[in-house]
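One structure is given here, and the rest of the page talks about it.
First the proteins, then the strands, lettered A, B, ... as listed; each starts at 1.
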Protein chains: 4
Amino acid sequence: MATAKTAPPASRRRESSRLAILDAALALCREEGYTKLSVEAIAARAGASKQTIYRWWPSKGAVLLEALEREVAESVTIPDTGDVVADMRIVVGNLIRRHADPNFGPHVAALIAESQQDPALARDALERFVKGRRAPLAERLRRAQQLGQLPASLDPEAILEVVFGALYHRLLLRSGPLDAAYGSFVVDVVFTGAAARLDPATDGSHLR
Amino acid sequence: MATAKTAPPASRRRESSRLAILDAALALCREEGYTKLSVEAIAARAGASKQTIYRWWPSKGAVLLEALEREVAESVTIPDTGDVVADMRIVVGNLIRRHADPNFGPHVAALIAESQQDPALARDALERFVKGRRAPLAERLRRAQQLGQLPASLDPEAILEVVFGALYHRLLLRSGPLDAAYGSFVVDVVFTGAAARLDPATDGSHLR
Amino acid sequence: MATAKTAPPASRRRESSRLAILDAALALCREEGYTKLSVEAIAARAGASKQTIYRWWPSKGAVLLEALEREVAESVTIPDTGDVVADMRIVVGNLIRRHADPNFGPHVAALIAESQQDPALARDALERFVKGRRAPLAERLRRAQQLGQLPASLDPEAILEVVFGALYHRLLLRSGPLDAAYGSFVVDVVFTGAAARLDPATDGSHLR
Amino acid sequence: MATAKTAPPASRRRESSRLAILDAALALCREEGYTKLSVEAIAARAGASKQTIYRWWPSKGAVLLEALEREVAESVTIPDTGDVVADMRIVVGNLIRRHADPNFGPHVAALIAESQQDPALARDALERFVKGRRAPLAERLRRAQQLGQLPASLDPEAILEVVFGALYHRLLLRSGPLDAAYGSFVVDVVFTGAAARLDPATDGSHLR
DNA sequence: AAGTAACCGAGACGGTACGTCCGGTCTTTGC
DNA sequence: GCAAAGACCGGACGTACCGTCTCGGTTACTT
């Protein structure tokens with residue numbers, strides 16, 4: 001009656017090489033910066049051959065993406081205290097703290113940068129880093145909408161784009177410090193309408 | 001009569017070379033994309049020598065920055081109809097139209113990307129492209145604050161960071177179409193408090 | 001039985017590239033002259049990359065040196081008729097014929113020239129071209145010394161320096177035609193004492 | 001009639017520039033070696049412009065040639081003790097001493113090297129440095145021929161080529177020390193027939 | 001247990017671009 | 001009208017990585 005014990009076709013890929021390469025990529029990025037990161041350097045540092053890298057990743061950006069993913073694998077739990085603004089304040093605070101970390105923020109910046117010239121990486125980064133990790137956040141907003149705490153007509157993902165956009169602005173353009181105060185400011189503007197015009201005559205009227 | 005006899009020593013720089021180089025940089029960027037842009041290619045296309053480029057610009061990014069600057073040199077006049085939200089709607093609409101132009105937006109994205117690995121370019125781009133061109137806009141917001149149309153406590157530049165951040169998010173991450181609808185959405189969120197929570201119990205209370 | 005199982009690690013160097021590069025160097029030198037010879041040109045002509053050249057040779061001079069070596073690889077047999085002067089006449093005649101060849105002499109001249117600014121090439125050229133190829137000739141002179149046909153007190157290598165020096169003088173300074181007559185003259189002066197002073201009173205006395 | 005105060009058409013060439021350039025060339029050559037010698041470097045050191053150099057000299061080699069000429073301008077007097085071999089011993093000794101000087105020999109070598117790729121310089125160097133400076137020496141040999149101290153059938157210039165060739169061999173190929181012993185050896189070989197074969201049966205017979 | 005095929009390290013290879021240097025020409029400005 | 005200053009085009013330098021390609025050696029699955 002035949003064998004086929006268990007194992008799926010199973011790639012013969014060596015896990016030790018994979019990890020060494022991811023580690024080397026991260027380490028190089030931290031020590032020398034993304035600029036100095038090259039497939040050649042990763043291979044040398046990891047004791048791997050370039051071929052092995054090219055066999056499994058399409059580009060150095062993809063290696064870094066996977067390395068970063070491994071780093072932040074611990075699932076981020078979204079608080080739900082019932083107060084969506086308060087929750088957002090916490091979440092944005094955490095996000096900012098993480099992106100202000102010189103071991104994380106600049107790498108994200110580098111990936112966004114690399115994405116400009118590498119459509120495949122762009123797609124991957126968008127899917128796995130942006131949409132993927134943002135999903136529970138969007139879900140939290142949707143719950144708030146159902147509770148009538150947020151206008152139901154607004155696309156939660158779009159709102160998050162405004163929030164993250166503000167965050168990335170400081171990350172990418174260094175237009176100011178990426179700190180708690182800025183995070184608070186952004187939450188105020190987006191979730192409390194802090195910047196809404198005061199003129200009572202027309203306030204909100206365009207929204208109908 | 002007494003006129004100023006002697007002009008300043010005056011750089012011996014040849015204007016024709018400068019323009020040829022800027023034109024070549026833009027043309028190459030449009031035809032082949034920023035990736036294919038190289039000092040070598042610019043020099044060849046401009047009929048200039050690499051040395052001439054390195055004499056006057058520190059990097060290919062700096063060349064493109066100056067070329068783009070020349071392109072958008074025509075002063076952008078900020079409307080002032082008295083209604084700051086309406087004005088912002090117009091301004092953001094124009095901004096989006098410009099950045100959606102495949103002959104402009106991707107180049108801005110490329111410069112932001114390049115800035116991540118080139119501090120000098122980052123500084124330049126921030127100063128000349130971001131702060132410089134945004135100044136009249138901030139001024140417009142300040143005027144609105146004086147008229148009580150906008151909370152005086154908010155830093156206009158920071159508000160603009162949220163607006164531009166949202167814009168750049170779509171430009172850099174391609175998380176959705178960079179179109180008029182999105183622009184309108186962003187203005188709503190930022191300037192009319194469209195995403196402010198509806199819950200009347202706590203509305204705005206945290207602001208004071 | 002026990003044969004050597006494992007071959008030496010063996011360089012992975014590709015012979016086809018090596019030959020293409022040597023051929024290209026020679027061809028370029030012949031067609032355009034040593035001045036026009038550049039690593040860049042060799043690489044282009046050979047369909048090789050510059051890196052490949054720099055990997056295996058320290059300079060363009062070294063490439064040409066090896067190319068020339070390959071050209072004259074056929075072992076030059078030194079005649080030994082018993083008459084050392086007659087043999088030298090033949091050898092010097094051959095040498096002159098070879099160096100008068102526009103496909104050889106000028107390249108040797110170029111290498112000597114290049115050696116003035118490249119100590120490594122100088123060492124190589126001296127070892128492989130001068131001492132190496134001259135060794136059998138020195139051996140021939142040493143045999144003549146043993147037979148009493150040549151003063152045993154004279155260093156054969158030094159004698160050859162006089163002979164080759166005279167030859168190179170015409171090659172490098174173009175002070176006159178590099179032809180058989182000159183070769184004969186040099187052999188006369190060096191090996192028959194043709195220029196020795198006739199004055200019998202003091203002849204040779206200083207030698208003891 | 002008329003003006004024409006005094007000066008002949010007279011080049012307006014500035015002597016101070018000329019001297020500064022020659023001095024700079026020599027100094028650079030001594031301090032850094034001929035390799036580092038460039039028109040650019042000479043101009044910078046001399047406080048002159050490149051154009052001034054190119055106006056008056058065809059190449060950097062020509063500058064050095066003129067500079068060296070100025071250095072050895074003091075006429076070299078050829079001794080004439082009546083004993084041509086003794087005189088030659090003195091002359092060759094002086095030549096060797098001069099060429100062994102690191103401030104002279106290497107420059108001569110460099111000029112000979114440069115001549116290989118610069119026909120104009122080759123012509124100049126041959127005429128002004130070789131033939132010109134060797135003329136009194138040839139004259140001395142001609143006198144010896146008239147006195148029957150040297151075979152009249154031999155071209156004195158050709159004899160000198162053998163002598164200088166031997167000298168240049170050591171200078172250019174560094175095949176051995178360029179010292180008094182070598183000079184003495186060369187004089188012995190050329191002017192006393194020290195290397196002439198000893199075999200009495202055929203000695204000199206081939207000369208007729 | 002042997003055969004075999006994917007995987008691995010190593011690193012040579014053809015390329016492209018880098019940023020620098022120098023050659024030789026041309027232009028501007030001052031004496 | 002020559003000279004200093006120096007910008008300019010051109011071309012080669014030697015280096016760094018790219019992405020592809022063998023080469024042997026080592027697993028780990030198959031038979």
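Between the P atom of dA28(F) and the CZ atom of Arg13(A) lies a distance of 16 Å, rounded to the nearest Å. Residue Ile53(C) contributes atom CD1, which lies 17 Å from atom C1' of dA16(F) at whole-angstrom precision. Atom-to-atom, CH2 of Trp57(C) to P of dA12(E) comes out at 13 Å; the value is rounded to the nearest Å. The nearest whole Å value for the distance from the OH atom in Tyr34(D) to the P atom in dC22(E) is 14 Å. Between the CD atom of Glu15(A) and the P atom of dC7(E) there is a distance of 14 Å, given to the nearest Å. Rounded to whole angstrom, the span from the CD atom of Glu32(D) across to the P atom of dC22(E) amounts to 11 Å. Atom CG in Asp118(D) sits roughly 9 Å away from atom P in dG24(E) (whole-Å rounding). Taking atom CD1 of residue Ile42(D) and atom C1' of nucleotide dG6(F), one finds them 18 Å apart after rounding to whole Å.
Ranking dG14(F), dC8(E), dC18(F) by closeness to the Tyr54(A) side chain, first place goes to dC18(F). Of the candidate nucleotides dG9(E), dT28(E), dG14(E), dT28(E) has the atom nearest to the side chain of Arg12(B). Of all nucleotides listed (dC13(E), dC23(F), dA10(E)), dC13(E) comes nearest to the side chain of Trp56(C). Distances from the side chain of Ser38(B) to the nucleotides dC18(E), dG9(E), dG19(F) place dC18(E) closest. For Lys50(A), the side-chain atoms get nearest to dC18(F) when compared with the rest of dG24(F), dT29(E), dC18(F). Distance from the side chain of Arg55(A) is smallest for dC8(E) among the nucleotides dC8(E), dA3(F), dC18(F). The listed nucleotides are dG23(E), dG14(F), dG9(E); the one nearest the side chain of Lys60(D) is dG23(E).
Residue Ala48(A) is in sugar-phosphate contact alone, with no base atom involved, counting any heavy-atom pair closer than 4.0 Å across all strands shown. Residue contacts shown for Ala41(D) are absent, as no nucleic acid heavy atom lies under 4.0 Å away.
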### Message
Run the side-chain contact (heavy atoms from CB on, under 4.5 Å) test on Leu172(A) and Leu172(B) for me, step by step, so that the C-alpha distance in whole Å, both residues' side-chain angles and the decisive distance to 0.1 Å come before the verdict.
### Response
CA-CA 10 Å; Leu172(A) 296 169; Leu172(B) 295 169; 3.4 Å; yes
### side-chain contact (heavy atoms from CB on, under 4.5 Å) between Gln116(A) and Tyr34(B), intermediate numbers included
CA-CA 9 Å; Gln116(A) 302 311 311; Tyr34(B) 185 77; over 6 Å; no
### Message
With side-chain contact (heavy atoms from CB on, under 4.5 Å) as the criterion, how do Trp57(C) and Ile21(C) come out once you've worked through the C-alpha distance, each side chain's angles and the decisive distance to 0.1 Å?
### Response
CA-CA 11 Å; Trp57(C) 291 275; Ile21(C) 287 166; 3.7 Å; yes
### Task
Report the C-alpha separation of Glu31(B) and Arg45(B) in whole Å, then their side-chain angles, then the decisive distance to 0.1 Å, and conclude whether the salt bridge (charged side-chain N to carboxylate O under 4.0 Å, His left out) test is met.
CA-CA 12 Å; Glu31(B) 292 165 22; Arg45(B) 173 108 175 203; 2.9 Å; yes
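Between Val39(D) and Ala46(A), the one whose closest nucleotide on DNA chain E sits nearer the 5' end is Ala46(A). With the nearest nucleotide of DNA chain E identified for both Pro58(D) and Ser49(A), Ser49(A) has the one nearer the 5' end. Of the two residues contacting DNA chain F, namely Leu37(A) and Gly47(D), the nearest-nucleotide position lying further toward the 5' end is that of Gly47(D).
For Gln51(D) against dC26(E), a side-chain N or O and a base N or O form a donor-acceptor pair under 3.5 Å.
Rounded to the nearest 0.5 Å, atoms OG (Ser49(C)) and OH (Tyr54(C)) are 11.0 Å apart. One distance of note links CD of Glu114(B) with CG of Leu64(B); it measures 9.0 Å at 0.5 Å rounding.
The phosphate of dA12(E) (OP1 or OP2) has no side-chain N or O of Thr52(C) nearer than 4.0 angstrom. For dA4(F), the OP1/OP2 oxygens have a side-chain nitrogen or oxygen of Ser17(D) closer than 4.0 Å.
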